[in-house]
Amino acid sequence: MSNNFLKATLTIILVSAFFNSCKPKNSGDVVNGDAAQKAYVAPGKYDEFYNFVSGGFSGQMSVYGLPSGRLFRVIPVFSVDPEKGWGYSEETKPMLNTSHGFVPWDDLHHTELSQTNGEVDGRWVFGNANNTPRIARIDLKTFKTAEIIELPNSGGNHSSPFITENTEYVVAGTRFSVPSDYSNGDVPISSYKENFKGHISFVKVGKEGEMDLAFQIVTPGVNFDLSHAGKGKSHGWFFFSCYNTEQANTLLEVNASQRDKDFIMAVNWKKAEEYIKAGKGKKQSVNYAHNKWDEKTHSAKSVIKKEVYVLDASELKDICYMLPCPKSPHGCDVDPTGEYIVGSGKLAALIPVFSFDKLQTAIKDKKFDGDYGGINVIKYEAALYGEVQKPGLGPLHTEFDGKGNAYTTFFVSSEVVKWDIKSLKVLDRVPTYYSVGHLCIPGGDSKKPFGKYLIAYNKITKDRYLPTGPELAQSAQIFDISGDKMQLVLDFPTIGEPHYAQAAPADVIRNNGQVKFYKIEENKHPYAAKGEKESKVVREGNKVHVYMTSIRSHFAPDNIEGVKVGDEVYFHVTNLEQDWDVPHGFAIKGADNGELLIMPGETTTLKWLPKKAGIYPMYCTDFCSALHQEMQGYVRVSPAGSNVPLTFSLGTNIPATK
Amino acid sequence: MKISKLSKGLLFITFLLFAGSLFVPLWKIDLEAPQYPEGLVLRLYADKIGGDVEIINGLNHYIGMATLHTENFFEFTLLPYIFGGFAAISLLLIFIARRKAVLVFLISYALFILLAAVDFYRWNYEYGHNLDPNAAIVVPGMAYQPPLIGYKQLLNFGAFSIPDTGGWLLIFACILLGFVVVNEYKFFRKK
């Protein structure tokens with residue numbers, strides 16, 4: 001008996017040892033010895049790439065270096081940022097204006113670098129606002145948000161801000177179909193099928209980057225998800241993935257997952273342009289804000305625009321075609337040649353790859369399978385190039401390395417899979433930690449990818465870093481993809497929640513004419529003081545305008561008396577410095593506002609409403625010099641109706657007034 | 001005694017060098033500090049101060065050094081005429097073509113250089129020592145006189161004072177004149 005007992009025990013030990021050895025490898029096993037060397041950028045050396053990462057629910061865009069994963073800057077875009085005065089200074093407030101008034105927060109999901117001939121050109125980067133639909137353009141000479149345009153008839157601007165190969169257009173597609181702004185929106189939610197419409201927007205981008213809502217295309221109510229432009233041979237076309245073709249308005253996780261196939265909508269935008277020129281667009285009255293930053297006045301202006309031209313996809317049959325795509329497609333990516341369109345059905349267990357040539361033939365030969373809300377549906381097989389079989393679970397997004405390979409992320413199986421575009425064979429797979437969403441290869445959605453690194457932006461972090469309570473770091477991972485096998489090189493934490501990101505070779509941006517400071521003689525701000533002699537304090541009724549200057553290490557003036565409770569005080573601070581990296585800050589006690597960070601040559605305004613009498617200190621917040629701690633001053637606030645005269649000084653004392 | 005064709009050619013080059021020195025900086029003081037990896041430079045032209053004057057003036061207020069302004073130096077109104085004159089004399093000498101005249105010019109030019117150096121030293125001394133006693137940074141016994149030529153550490157700044165393009169042109173002019181004189185007087189030739 002004891003013999004049998006021993007045998008049984010031994011068997012159990014052996015079996016459990018066998019199962020343990022079959023347990024998936026942990027991260028320790030996937031990091032190779034030379035990973036640290038590959039991610040190491042020595043102190044004082046530069047990274048190879050700029051990485052522009054969406055800040056997700058932070059509403060901002062962050063800039064990292066690759067391969068080091070070092071954070072360089074968080075560019076305030078759609079959310080206020082008291083640190084930089086964004087949305088707090090008088091000059092920046094109009095940037096966040098919308099048809100709903102001032103909106104202090106949004107959700108930035110995708111970034112897209114401007115292109116020329118399908119190659120990243122380093123002029124601008126675009127970002128989308130997902131909540132109150134907008135597109136922002138960031139100038140890459142200043143790394144500052146230069147323009148924001150709102151999109152009417154939309155809800156949840158998700159399939160945006162993707163661009164055409166010469167940045168002719170930046171697009172937007174509504175995630176939520178909603179009743180159009182030009183119809184009565186006060187309808188029962190259950191009347192979705194009847195009253196809710198999809199609108200996709202084509203925003204023209206001018207030579208200087210200025211955006212103009214050229215036209216919209218109205219479609220049946222669905223959820224538009226992501227999009228990408230055709231390139232090369234497919235230039236002139238745009239592809240939008242959509243789900244909820246079931247047209248559910250409640251419990252979408254069940255009700256929008258019923259159909260076996262949803263669609264990728266192929267849009268012939270050149271044709272749409274022709275229709276607009278031919279006057280086929282219906283002029284509709286809407287309201288949307290267009291906000292522009294002026295680098296000379298250092299101020300933004302917001303204009304509410306009133307109309308848009310809308311093309312109806314069900315009437316103009318040759319603009320839009322529906323490509324059936326398995327199970328709620330998410331990513332919709334076009335390879336560098338422009339021939340292959342990769343759809344990623346997030347509930348599918350395969351990846352369909354469509355052929356642009358076959359799509360053209362199918363349209364010519366009318367290989368249609370009925371219509372969807374008046375839009376012709378192409379037969380699935382007629383446009384299909386092939387399917388990648390058993391790639392993983394939950395495909396989301398695909399980028400390309402320019403060497404004939406595609407890389408797709410899988411949320412459910414938490415991995416990146418490399419596959420051959422022509423043969424559709426899976427070549428390699430690596431785990432991600434955990435549940436990867438978007439991925440980025442520098443230039444990975446352009447005609448010219450730089451297939452050296454791949455960055456995975458994860459949705460779940462769990463145990464990857466030291467714990468920080470229930471709210472954990474957001475995470476990205478860099479892989480070296482220069483060899484046959486993908487190799488994990490570095491984990492780095494990110495701000496917000498990173499969604500899509502793009503990267504460009506460092507030289508394309510650092511040699512684009514980076515602004516080091518603004519020339520004071522070009523400052524056209526109406527309240528600029530371009531020298532200490534121009535500094536003054538002026539009262540206009542209950543408004544007090546302080547024309548203030550800052551230079552190392554004092555403000556002019558730095559003693560102000562005669563301000564009264566009930567006044568609106570405007571500190572217009574001009575930074576007189578004309579040297580690299582000498583910003584000054586400005587803050588005053590009790591301000592229900594942010595601070596100002598003023599770049600050399602710039603003028604920025606802080607509005608201050610003093611609420612009670614007393615002495616209020618103000619100081620420079622950005623450590624500017626050895627005498628930074630001396631850079632301070634006082635404002636005396638007297639009760640309403642006081643007789644204290646308005647005086648100001650620097651370096652001398654004003655005769656005392658009691 | 002008439003000078004050779006070669007000497008006339010060299011005198012013409014000397015003329016070009018003097019003329020050229022009117023348009024390029026003559027002298028420069030390179031400044032380097034830990035927080036100025038890109039460096040700052042002060043350039044002295046025949047008629048003005050150039051380079052990062054505003055930035056340097058801004059920094060110098062900490063130690064109470066007087067600010068630099070072109071109009072505070074009478075030299076900048078004089079120097080263009082002097083170098084213009086030197087250029088004209090070089091041209092003239094080709095026609096005079098007397099070796100004695102060249103020798104006189106060389107000696108006067110050498111005297112001028114000496115005078116200029118003394119003047120430059122005087123200004124450096126003046127700016128380096130005449131400091132505002134109310135300055136934010138006062139280091140007892142510390143003066144900020146830049147070197148006449150060469151390198152010197154001044155607090156966090158390293159100052160490197162050397163000829164700029166125009167300075168080299170003037171030095172080359174001096175060498176050429178010297179060569180003409182030596183050649184014409186046959187100082188080193190065996191009889």
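We name chains A, B, ... by the order of the sequence lines, and we start the count at 1 in each one.
For a residue to count as touching a neighbouring chain, one of its non-hydrogen atoms must lie under 4.5 Å from one of that chain's; by this rule B/I137 does not touch chain A.
Heavy-atom proximity under 4.5 angstrom to chain B picks out A/S625, A/L627 from residues 622-635 of chain A. Residue-level contacts of residues 18-38 of chain B with chain A, in order of numbering, are B/Y36, B/E38; threshold 4.5 Å between heavy atoms.
Rounding to the nearest 0.5 Å gives a distance of 7.5 Å between CG of A/D579 and CG of B/L59. Taken to the nearest 0.5 Å, the NE2 atom of B/H61 stands 6.5 Å off from the NE2 atom of A/H554. Note: B/I55 CD1 to A/R552 CZ = 8.0 Å, rounded to the nearest 0.5 Å.
No more than 12 heavy atoms of other residues, nucleotides or ligands lie within 6.0 Å of NZ in A/K141, so this atom counts as exposed by the packing criterion. Crowding of B/F12 atom CZ: a count of heavy atoms from other residues, nucleotides or ligands under 6.0 Å not exceeding 12. Remark: B/F172 CZ is loosely packed, at most 12 non-hydrogen atoms of other residues, nucleotides or ligands lying under 6.0 Å away. Counting heavy atoms of neighbouring residues, nucleotides and ligands inside a 6.0 Å radius, atom CH2 of B/W123 exceeds 12 of them. Residue B/E71 qualifies as enclosed at atom CD: its count of foreign heavy atoms under 6.0 Å is above 12. Atom NZ of A/K524 sits in a crowded spot, with more than 12 heavy atoms from other residues, nucleotides or ligands closer than 6.0 Å. Within a 6.0 Å sphere centred on OH of B/Y121, heavy atoms belonging to other residues, nucleotides or ligands number 12 at most. Atom CZ of A/F72 has more than 12 heavy atoms from other residues, nucleotides or ligands within 6.0 Å.
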